[in-house]
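Single-structure report; data block below.
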Amino acid sequence: MSDAAPAPLKPVDESWQRGLAIVAHPDDLEFGTAAAVARWTRQGKEITYVLLTSGEAGIDGMTPEEAGPAREREQRESAEIVGVSKVDFLGLPDGMLDYGVPLRRDLARVIRTHRPDIIVTNNFRESWDEAGGALNMADHIVTGRAVLDAARDAANRWVFRDQIENEGLERWRGVRQVWAAGSPRSTHGADTTETFELGVRSLEAHAAYLNGLTPGAFDAEEFLQGFARQAGSRLGVRYGAPFEVFDLGLL
C-alpha cells in the first residue's frame, strides 16, 4: 500500500455561463457538490438541475407514492438554497435505471434543450475510492455513462434526428466538458470555502431522506466536512469539491 499523498487538484475552468447538473436522485448533488453550485450561482452563472428519478424507492419507511412527491419538494427547496430555480424530473424508475439508447435519447433531448457549456454529473466509477472498497450503485453508474455519451450524441446532427426534424431542437456542440463529482479519479476541484455552509443547508433540506437513513443521528455538517477538507487540502484551500473532468473537444 502506497503512503504517497494524493496528487494536487487543479482548479476547474470557471469561464462559462450555463451549467446543467444531471444526476440520478434527489440528494445526489447535495452530498458535496451543492456547495460548488452555490459558488457558481454567486458568480452569476445559470445552472439547471435535472433528476432522472424522484428517489421514490429511497426511503424504506415510506411507500414510493409518498416518498416521490416528498423528495421532489425537498430537492426544489434544497436547490433554492444554492441559487438554483430550475429543477426538472424525468420520472424514470428509481433503482432500475437502464443504460441504453432510450436513456441516451432522453438525455440528448435535455442537453439540446438547455444548451449548457458544462455538464455536472456524479461519480460513475465502480467505487467511490481508489481501493475499490466503497462500491458505487447501479443508478449512479448508469447515469454518468449515459450523460457522457449523450453529450456527444447531442452534438451529432445524425443521431436522434427526430428531435431535430420533429421537435424543433438543434444539435448542440457547445458542451466543453463533463465533470463527474466525487470521482476517485478526480483531477480538478472547486473552492467551496465561502459557500460550504450553504452546501450543508442544502443537504439538511432533505430531511425525510436523512431521517429515513439514520433517524435523528445524521450530522450533515460533520459528514460533509470530512470530504470537503480532503479535497480542499489537495486544492490548497480549506474546503473543496473534487471532479473528474472529461474534455469532449466538440467545439
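The structure presented is a predicted model; accordingly, all values stated were derived computationally and were not measured.
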- Query: Given the rule in the ring-ring contact (aromatic ring centres under 6.0 Å, His included) test, do F124 and F246 qualify, once you have shown the distances and angles that lead to the verdict?
  - Reply: CA-CA 12 Å; F124 54 91; F246 297 88; 5.6 Å; yes

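- A cation-pi contact, defined as under 6.0 Å to the ring centre and within 45° of the axis, is absent between R104 and F160.
- Residues F196 and L203 are members of one and the same hydrophobic cluster, defined by side-chain heavy-atom contacts under 4.5 angstrom among Ile, Leu, Val, Met, Phe, Trp and Tyr.
- Salt bridge status for E14 with R39: present, with a side-chain N to carboxylate O gap under 4.0 Å.
- E80 has its side chain out of reach of S85: every pair of non-hydrogen atoms, C-beta onward, lies at least 4.5 Å apart.
- Taking CG of L92 as the reference point, atom NE2 of H25 lies at 10.5 Å (rounded to 0.5 Å).
- The pair R109-E167 meets the salt-bridge criterion, since a charged nitrogen lies less than 4.0 angstrom from a carboxylate oxygen.
- For the pair R145 and Y99, the cation-pi test (distance below 6.0 Å, angle within 45°) is passed.
- Here E244 pairs with R125 in a salt bridge; the nearest charged N to carboxylate O distance falls below 4.0 Å.
- Taking the six-membered ring where the residue is Trp, F218 and F31 present perpendicular rings, their angle passing 60° and hence far from 30°.
- The backbone N or O of P116 lies less than 3.5 Å from a partner atom in the side chain of W172, making a donor-acceptor pair.
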- Query: L90 and T53: side chain to side chain contact (heavy atoms under 4.5 Å, CB included), yes or no, with the steps?
  - Reply: CA-CA 6 Å; L90 298 190; T53 80; over 6 Å; no

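- Heavy atoms only, all atoms of each residue included: D94 and G55 are closest at OD2-C, 3.0 Å.
- When side chains are defined from C-beta on, V82 does not count as touching L29, because their heavy atoms never get closer than 4.5 Å.
- Nearest heavy-atom pair across Q17 and D117 is N-OD2, 3.0 Å.
- Closest approach of A154 and A108 over heavy atoms only: CB-O, 4.1 Å.
- Minimum interatomic distance between A36 and T192 (heavy atoms only, all atoms of both residues): N-CG2, 3.6 Å.
- Electrostatic pairing of D153 and R105 does not count as a salt bridge here, judged by no charged N lying under 4.0 Å from a carboxylate O.
- With respect to the salt-bridge test (charged N to carboxylate O, under 4.0 angstrom), the residues E130 and R185 do not qualify.
- Across T121 and I22, no two heavy atoms sit closer than the pair OG1-O, 2.8 Å.
- R157 CZ to Q163 CD: the interatomic distance, rounded to the nearest 0.5 Å, is 14.5 Å.
- Under 3.5 Å, the side chains of Q225 and Y239 contain a donor-acceptor pair of N or O atoms.
- Side-chain contact check for D28 and H140: at least one donor-acceptor pair (N or O, by modelled atom type) lies under 3.5 Å.
- Summarising the geometry, atom CG belonging to D88 is positioned 11.5 Å from atom CD belonging to Q75; distances are rounded to the nearest 0.5 Å.
- A donor-acceptor pair shorter than 3.5 Å cannot be found between the side chains of E30 and S202.
- In summary, the side chains of Q177 and W179 do present a donor paired with an acceptor at a separation below 3.5 Å, with no hydrogens or angles considered.
- The minimum heavy-atom distance between R152 and L148, with the atom names listed, is NE-O, 3.5 Å.
- Here T41 contributes atom OG1 and I81 contributes atom CD1; the two are 12.0 Å apart, rounded to the nearest 0.5 Å.
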